[in-house]
Amino acid sequence: MLTEEDVYKVAELAKIEICEEEAKKFRAEFESIIGYFNLLDEVDVDVEPTFQVLPIKNVFREDIPKKGLSREEALANAKHVENGYFKGPKIVE
Amino acid sequence: MDVIIGLEVHVQLNKLKTKMFCPCSIDYHGDEPNTHVCPICLGMPGAMPVLNKEAVKAGIKVALALNAEVQPFMVFDRKNYFYPDLPKGFQISQYDHPLAWGGYLTIETDEGEKKITLKRIHMEEDPGKLSYKGSITTAKYSLIDYNRSGVPLLEIVTEPVMNSPKEARLFLNKLRIILEYLDVFDGNLEGAMRVDANVSVKGGGRVEIKNISSFKGVEKALTYEITRQKNLIRMGRTVKRETRHFDEANNITVSLRSKEEEQDYRYFPEPDLVPIYAEELIEEVKQILPEMPEEKRERFKKQYGLSDSFAKVLVMDIKMANYFEDVAKVVNPKLAASWIVDVLRGELNYRSKDFTFAYEKLKPEEMAKLLNYFENGDITEKGVVEVIRTKLDKGGNVDKIIESKGLFAIPKEEIERLCIEIIEKNKKAVEDYYAGKKQALNFLVGQVMKATRGRADPGETAKIMRIILDKK
Ligand SMILES: [Zn+2]
């Protein structure tokens, strides 16, 4: 049983603000999604877990440097910039 | 055991050339911020990570050397969290299929050898670096440099088996020695090793100290934290379970905003990377695993006839061990070992330098030449020390230094001549000598030393002096 509290918690983890109405709506939607997963419980678990649906493995790159972006390019889309740094929120209180 | 410590050690595989998932160079130290970045390590939409093969091999190397069980099947996962140090909103890490499980390394404590067991080792990408204008407490925002973002990182997690800050330090020292032997790690680079330490005192909750960024910091942070916890318990208060930050400038730990619990990271397999089937890679790495400290120690004893105590010190640093072997090619190995361990190492320490500096300033061939002179009696012990100091501080040519400072030892005949001269000039002291006063001999030898301004070898001079006196 999924509560609205759970919905608020998920929203907080995802850094999304939701209103009471949305919480109600999402609770119902989450529950139906979880319902699908419950179906899995009915399946025989004697199968290999799937980590990747692509039929490939061991994709590697050699350790050879390549030129990336210039600093101007890197910072071009950032709204908040200072002395070549990105500006971000403070994380320690 | 009233103190229990476990460590999570983050080790940069900084001898590699590129990042974990993109070809940006990791040679960024001293460079301007955000100049070693690309769409992948900046987390731009649509950018796809591709795994660095050498990083995986380096990881396997470390895991094997730490006696861990390297996994033939590995998966990368997304660890979701919102910190600006990673621009994607998640860190690519490993969760339930890591690089390796278990493992251990051995430290030497005052009570003897102790095995420090490991829980797991996994690979992940380093986050970017946050800094603050002014202090962390007064700044209103963070400044972010993504040069470090994506650097190949190993997280080595120990079991909670250490019982003192000193054991934690010994563990980290030993780990560093091993990593440098494997040539995957340079501990001198800023940020090369960062540690989270879990510590609890009997009767209190577990406290995690985050992101201690130096070797010495770990011991200091733990010592402070244990005292703090013990004081709380003594006063009848509870030690609450929390995360703290080590304030390196003030040597204290401060409370940090509580972080999300483990399940809140919502790990799931990284869909942009495919699983690794590592059996062949593991075999490949096993073939190139270098000699480790313990093996080297045994070989040094066997091959060079060194005592265990010299062999033990020499192998503590791969650069010192190599330096020794280079010198021992041309000089009596026991002589080389004692000069390197007892003198050169001390002179380097005194200057806060290591054997990289010795390789630059006093090359093994030069050290060998100097020790050959010493062995032939061409220069005194004091003279050797003086040349070593001069070479380290000012450089120059070994022969020229010896010549200009007049360090070439006085020939034996010259010492004999001086002894006879001194005996004639100091009748009183000679009488005292025959009367059995030991200090008299020291006085006479001292006169020879004075006459040669210290260039005569005191032991050799005393021997000659005694022979002449006893003949009379
Ligand atoms: Zn990059």
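Chain letters run A, B, ... following the sequence lines, proteins first, then strands; residues in each count from 1.
- Shown here for Tyr267(B) and Asn80(B), the closest heavy-atom pair between the two residues is N-ND2, 4.5 Å.
- Interface residue Ile56(A): backbone and side-chain heavy atoms are both found under 4.5 Å from chain B.
- Of the charged side-chain nitrogens involved, none lies within less than 4.0 Å of a carboxylate oxygen, so that Lys24(A) and Glu21(A) do not count as a salt-bridged pair.
- For a residue to count as touching a neighbouring chain, one of its non-hydrogen atoms must lie under 4.5 Å from one of that chain's; by this rule Lys19(B) touches chain A with the backbone only.
- Chain A forms the most heavy-atom pairs under 4.5 Å with one residue out of Asn52(B), Ile26(B), Leu273(B), Val50(B), and that residue is Asn52(B).
- Between chain A and the options Asp77(B), Thr35(B), Leu16(B), Val254(B), the largest number of non-hydrogen pairs under 4.5 Å is found for Leu16(B).
- Heavy atoms closer than 4.5 Å to chain A are found nowhere in Phe268(B), neither backbone nor side chain.
- One finds a salt bridge joining Arg194(B) and Asp126(B) here, because a Lys/Arg side-chain nitrogen approaches an Asp/Glu carboxylate oxygen to under 4.0 Å.
- Across Gln91(B) and Glu125(B), no two heavy atoms sit closer than the pair NE2-O, 2.7 Å.
- Both the backbone and the side chain of Pro275(B) come within contact range of chain A, judged by heavy atoms closer than 4.5 Å.
- His97(B) touches chain A through its side chain: at least one heavy atom from C-beta onward sits under 4.5 Å away, while N, CA, C and O do not.
- Residue Phe76(B) does not touch chain A at all, counting heavy-atom pairs closer than 4.5 Å.
- Geometrically, Lys15(A) does not engage Phe82(B) in a cation-pi contact, judged by NZ or CZ lying under 6.0 Å from the ring centre and within 45° of the ring axis.
- Residue contact with chain A, scored on non-hydrogen atoms closer than 4.5 Å, is absent for Ile40(B).
- For a residue to count as touching a neighbouring chain, one of its non-hydrogen atoms must lie under 4.5 Å from one of that chain's; by this rule Asn77(A) does not touch chain B.
- Note on Cys41(B), Cys22(B), Pro23(B): by heavy-atom pairs under 4.5 Å with chain A, the leading option is Pro23(B).
- Using a 4.0 Å cut-off between a side-chain N of Lys or Arg and a carboxylate O of Asp or Glu, Lys79(B) and Glu124(B) do not qualify as a salt bridge.
- Checked options Lys61(B), Lys57(B), Lys53(B); the residue passing with Glu284(B) is Lys57(B) (criterion: salt bridge (charged side-chain N to carboxylate O under 4.0 Å, His left out)).
- Taken to the nearest 0.5 Å, the NZ atom of Lys66(A) stands 10.5 Å off from the SG atom of Cys24(B).
- Heavy-atom distances place the side chain of Met44(B), and not its backbone, under 4.5 Å from chain A.
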Using the rule given for side-chain contact (heavy atoms from CB on, under 4.5 Å), can you reason through Ser149(B) versus Asp85(B), listing the C-alpha separation, both sets of side-chain angles and the distance that settles it, and then say yes or no? CA-CA 8 Å; Ser149(B) 163; Asp85(B) 58 3; over 6 Å; no
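- Neither the backbone nor the side chain of Pro87(B) comes within contact range of chain A, judged by heavy atoms closer than 4.5 Å.
- The existence of a salt bridge linking Arg228(B) and Glu242(B) is confirmed by a sub-4.0 Å separation between a basic side-chain nitrogen and an acidic carboxylate oxygen.
- For chain A, the nearby part of Pro269(B) is the side chain; its heavy atoms alone come within less than 4.5 Å.
- For chain A, the nearby part of Val75(B) is the side chain; its heavy atoms alone come within less than 4.5 Å.
- Options Arg61(A), Gln52(A), Glu62(A), Lys87(A) differ in how many heavy-atom pairs under 4.5 Å they form with chain B, and the most are formed by Arg61(A).
- Contact of Leu42(B) with chain A is made through the side chain alone, with heavy-atom distances under 4.5 Å.
- In the model, Asp186(B) has no side-chain atom that pairs as donor or acceptor with a side-chain atom of Asn14(B) under 3.5 Å.
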